[in-house]
2 protein chains.
Amino acid sequence: MNANEKFVAAEALVDSAAIAPLPNSRKIYVTGSRPDIRVPMREITQTGENNPPISVYDTSGAYTDPSVNIDIRRGLPALRADWIAERNDTVEQTDLSSDYGRQRLADAELAELRFDLVRRPRVARAGANVTQMHYARRGIITPEMEFIAIRENQRLEALTEDLRRQHPGHNFGAVSFVHAPKMITAEFVRDEVARGRAIIPNNINHPESEPMIIGRNFLVKINCNIGNSQLASTIQDEVDKMTWAIRWGGDTVMDLSTGKNIHETREWIVRNSPVPIGTVPIYQALEKVNGKAEDLTWEIFRDTLIEQAEQGVDYFTIHAGVRLAYIPMTAKRMTGIVSRGGSILAKWCLSHHKENFLYTHFEDICEIMKAYDVAFSLGDGLRPGSIYDANDEAQLSELATLGELTQVAWKHDVQVMIEGPGHVPMHMIKENMELQLKICHEAPFYTLGPLTTDIAPGYDHITSAIGAAMIGWYGTAMLCYVTPKEHLGLPDKNDVKDGIMAYKIAAHAADLAKGHPGAQVRDNALSKARFEFRWEDQFNLGLDPDKSREFHDETLPQDGAKTAHFCSMCGPHFCSMKITQDVRDYAAKLGVSEAEALQKGMEIKAVEFVKSGSELYKRAVS
Amino acid sequence: MNANEKFVAAEALVDSAAIAPLPNSRKIYVTGSRPDIRVPMREITQTGENNPPISVYDTSGAYTDPSVNIDIRRGLPALRADWIAERNDTVEQTDLSSDYGRQRLADAELAELRFDLVRRPRVARAGANVTQMHYARRGIITPEMEFIAIRENQRLEALTEDLRRQHPGHNFGAVSFVHAPKMITAEFVRDEVARGRAIIPNNINHPESEPMIIGRNFLVKINCNIGNSQLASTIQDEVDKMTWAIRWGGDTVMDLSTGKNIHETREWIVRNSPVPIGTVPIYQALEKVNGKAEDLTWEIFRDTLIEQAEQGVDYFTIHAGVRLAYIPMTAKRMTGIVSRGGSILAKWCLSHHKENFLYTHFEDICEIMKAYDVAFSLGDGLRPGSIYDANDEAQLSELATLGELTQVAWKHDVQVMIEGPGHVPMHMIKENMELQLKICHEAPFYTLGPLTTDIAPGYDHITSAIGAAMIGWYGTAMLCYVTPKEHLGLPDKNDVKDGIMAYKIAAHAADLAKGHPGAQVRDNALSKARFEFRWEDQFNLGLDPDKSREFHDETLPQDGAKTAHFCSMCGPHFCSMKITQDVRDYAAKLGVSEAEALQKGMEIKAVEFVKSGSELYKRAVS
């Protein structure tokens, strides 16, 4: 949709690309202890007899379930509604609690673009705390926790030992699954949440969301940023980016809109999102004061938090660590303050010469968070924006404050993760992780990259995937993607996909290096398919079947080439896998393994190999 | 050029994309101790008064020098010809020494595609050794070594302390430039070559090449593979890939052709290449026996080595470590033998049940290498082709043999580097480097990636850039690129560029992490430009000015946007750098730094800031 086209709610349609079937894949559901715990997975079928289907983690929600009729004007089914209601600790409200929310609802001019929400917002009963952390600490295993345990395991137990075989990994002191639980249990989920080592971002007003967990002892997750700016994009574009992002593996989506109709854009996104949605509320608050940071007030900000909490936002980035005293530390930097939220707060602090109001009102914020179960993503407003500024005093001072605030939030049983940098050369990445674990008491770390060099604008998905993979290995729980447009412009759908692919790679490389249970299954299956020239299986098991098929077909589009024992890279003569297979076939024909044949020193066999006509492949037509 | 089009030498033209000027850049030459040592660099001009031009390492040769008239039918000027002749240890031959070379030259049918070489091949005088290592060990500093010292320094001495400021790095015991020489000297180059810790791939029959060095204590280099296959590509395509590769930063190019007219294709590439050319001679030898590995003989292989050495190939991949006894170790692998050369040799060994003839004839090979100064790239024919197979017995057994062969080569003063994997999860990468350093006596390591996961066909430039950056940091001297087409097809020009970008990033990230002198200059300059909204400078200082400009202009194509203090990503309201700049401007206006202003607790100033009208930027037209 062109940015100048008008968005009309009644005509909104799901992006057809978001609901196209993925090749040789079907949506399956694993049922938990109660029939309404139905955990979605994507099952990829393989060809050949001894190649079982492979289940992979599936973030795409109902969009890839052909039995569900998708209408983005209606939103997704509220799968968690009963779980939330059953807990009997919330109340449905007759009206929105935020002034701004009511004002937007009353604005007749917005009618044609407004999402038609029929559900009433929920809030905790007076005095109640509805966070997953609160339940966890009281020993309660919620349906959400059970859902997550099943989801994280990906039916690993159904696979053969051979496919499950993997390197032990090196996990820098995280929970070792090699010795301890080899499978994730609901109790383990509960315990990790209770300790604050993992969070379940699940606002009670986002019942459409499929529970997921962010923590060092679980699969590494990725977040995708979307959102409009003053200069570009419509509501339809943003919904399309969200459905596109989850198709390719986005575990959470942040709506960073700073342009027109922020409130309505968010409503459309949340109602149609099966993954948790995060926001940076200060962006919208700034719009409410016409972009004048110095005019921000706690009251405006508070109303914004409530407005968004009642829409169902699952986590808020709160830049409460940008303290007045740290701002001068950025004066000698190469690139000052590069966090948008950080710079807004810095400007407010300087203008008033007062302490950051997010810091002074932090307990007030906690009261709101626990009434809806919104998780904190404590923002790193002073993160380094260049290699030069990495790990400097400003950054580390803010980190210390985030550690202090973590404990305040935990006092309220409010879930917390900590945002991290930024731009950091490789050798200084580990220090970030170690300090974060220590200072923030093992609260999950959520980092943007880090970018390992500044010199490649246009390729920052790669400069940062390097850092992301490493910090994921060291213990970061969620990686915030960077797209190729970083530093240059607003990402479009192509950029979103490129960013996701780079980050799925980084997250998975981290899971492998940590030795996470089952991490190597997909690698094993894909490599086996590759070795056996099952081209279709190789494509389908990969992160992007469309791209790999397209690349292969550029030179060999014929159907026959999908079973050929070579590709255009080397041609039939030079395919090492083909030659290896020839050697194995020869050994098998003789009824001995090649290893035995050799170890017994059977020169005779070698002679036979030659005699039996070792021209096993035909010469290519040249 | 379409693969079906016929290549005609007389009509060959340089690719216009290869000679287009790079924006705001000019070719400069730094002269050494003699006037014919002219070291090329690319100088990028910046805008504004206090922003000096930045010199960057330039692999693009005469193609980016507008004063040179490029005609690929004539080849490049032979800049090293005098240096080689002066040493008086070589003789010009009247005829080619290889049977096959003479045969191709006599073939009238090849006339129309043959490069018209007028130069006679050189060879060492009887009993002479013409390797750079031999000179180095006798204490001789060659012009090549001096050229390299100047080149590696990149005029660092001309820059201000501020631009040169960088993090100390962590280099795992390599030579520390922080304490020792802060600049590379010719004597240091000589010493590193003499010790075998670095190589200068500079065949005496490739006088067109601009000397460069591969070693742990120098800038990390990247290699780009090109070459046709039976199924695709022409001579013109391959020359175009080479000139395209060096434009974007390829430090060496390997011609891995396995298709038609391998001999002639190589001649065109070498004559037009300012960077060292590597090959895998066994590929061509196999073509000579019609693809039947078992028909390979030492005599055919020997003739191939001489044929290629007299064309000017600078390094040969020799899979001499694929010993008969190691082949059974690959039987239990997920993906067997994935090196083409390795599988060819394995097939030969099995067919004959004999030891690898490259191993048994290794000293004979050394004799050839030292007569032309061809460097060894000892091939890792048993590298792992999947995560499952990483660091296994077969791989490490071969490495031990490569260490043994390194010492044999050094006995002959023949230069050696060692090839490394492959597919390795992150946590097992360091072991590869440590073992290689120990077992191969610090000979330079040259690795393919490694790929850190198998699950992303179509994106293996990224899966492998992660591993490449890490192993580069740990001490690998040269990174062999992987393109997005890896495992799927023959790379085209776009793939070549994508692979190079990923690897320039990896190599540079490694230089930064090692704390290599001057490594951070370009990051500092680019980040400063970014912070100051010098968009053109940001584009031009980056690895790919074309791409970053294109991305920026997608949403803001107007010329005015190139000086705007925002981009489409956040719009004018939300630009953190803009806000930071506003704060600094305010402080400057008052004649105090913001740090002082704050540290003195000047509330008054804050009030003034507000009063003086802090609406410093205009609201965007919405």
Side-chain angles (χ1 to χ4, degrees), chain A residues 170 229-231 258 291 328 331 334-338 340 343 351 353 386-387 425-427 452-459 463 466 469 473 488-490 501 505 508-509 512-513 522-523 526-527 531 542-543 547-548 551-552 555 568-569 571 573-574 576 579-580 594-595 598 603 606 610 620, chain B residues 170 229-231 258 291 328 331 334-338 340 343 351 353 386-387 425-427 452-459 463 466 469 473 488-490 501 505 508-509 512-513 522-523 526-527 531 542-543 547-548 551-552 555 568-569 571 573-574 576 579-580 594-595 598 603 606 610 620:
Chain A
H170 180 112
S229 78
Q230 290 281 357
L231 302 170
T258 58
M334 180 68 82
T335 46
I337 299 175
V338 298
R340 290 188 250 173
S343 63
S351 301
H353 200 80
S386 54
I387 292 294
M426 282 191 286
H427 69 296
T452 54
T453 164
D454 307 341
I455 69 166
Y459 298 86
T463 64
I466 294 167
W473 171 27
L488 298 168
L490 198 68
M501 286 299 145
I505 289 167
H508 185 72
L512 284 175
R522 197 171 181 176
D523 296 77
L526 191 145
S527 287
F531 186 70
L543 290 180
K547 170 84 87 180
S548 52
F551 276 176
H552 176 269
T555 34
S568 66
M569 192 170 188
H573 260 191
F574 282 91
S576 58
I579 300 173
T580 305
E594 76 210 76
L598 267 163
E603 285 85 352
V610 175
Chain B
H170 180 114
S229 78
Q230 290 282 356
L231 301 170
T258 58
M334 179 67 82
T335 46
I337 299 175
V338 297
R340 291 188 247 174
S343 63
S351 301
H353 200 80
S386 54
I387 291 294
M426 281 191 287
H427 68 296
T452 54
T453 165
D454 306 341
I455 69 167
Y459 298 86
T463 64
I466 294 167
W473 172 28
L488 298 169
L490 198 68
M501 286 299 146
I505 288 167
H508 184 72
L512 283 176
R522 197 170 179 176
D523 296 77
L526 191 144
S527 287
F531 186 68
L543 290 179
K547 171 85 87 180
S548 51
F551 276 176
H552 176 270
T555 34
S568 66
M569 192 168 188
H573 260 192
F574 282 90
S576 59
I579 300 173
T580 305
E594 76 210 77
L598 268 161
E603 285 86 351
V610 176

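Quick note on labels: first sequence line is chain A, next is B, and so on, each numbered from 1. Worth saying up front: this structure is predicted, and the values here are computed from it rather than measured.
- In this structure, chain B has heavy atoms under 4.5 Å from both the backbone and the side chain of A:His170.
- Most heavy-atom pairs under 4.5 Å with chain B: of the set A:Thr463, A:Ile455, A:Thr335, A:Ile505, this distinction falls to A:Ile455.
- Across every non-hydrogen atom of B:His427 and A:Ala513, the tightest pair is ND1-CA, 3.3 Å.
- In this structure, the side chains of B:Leu526 and A:Pro457 come closer than 4.5 Å at one or more pairs of heavy atoms.
- Side-chain contact between A:Tyr459 and B:Leu543: absent, with no pair of heavy atoms (C-beta onward) separated by less than 4.5 Å.
- Atom-to-atom distance recorded for A:Trp473:CH2 and B:Thr452:OG1 is 11.0 Å, nearest 0.5 angstrom.
- Within the 3.5 Å criterion, the main-chain N or O of B:Asp454 finds a donor-acceptor partner in the side chain of A:Asp523.
- Both the backbone and the side chain of B:Met334 come within contact range of chain A, with heavy atoms under 4.5 Å apart.
- Note: B:Met426 leads B:His552, B:Met426, B:Lys547, B:His508 in heavy-atom pairs under 4.5 Å with chain A.
- A:Ile466 approaches B:Ala469 most closely through the heavy-atom pair CG2-CB, 3.7 Å.
- Most heavy-atom pairs under 4.5 Å with chain A, from the set B:Ala456, B:Ala509, B:Gly542, B:Ser527: that is B:Ser527.
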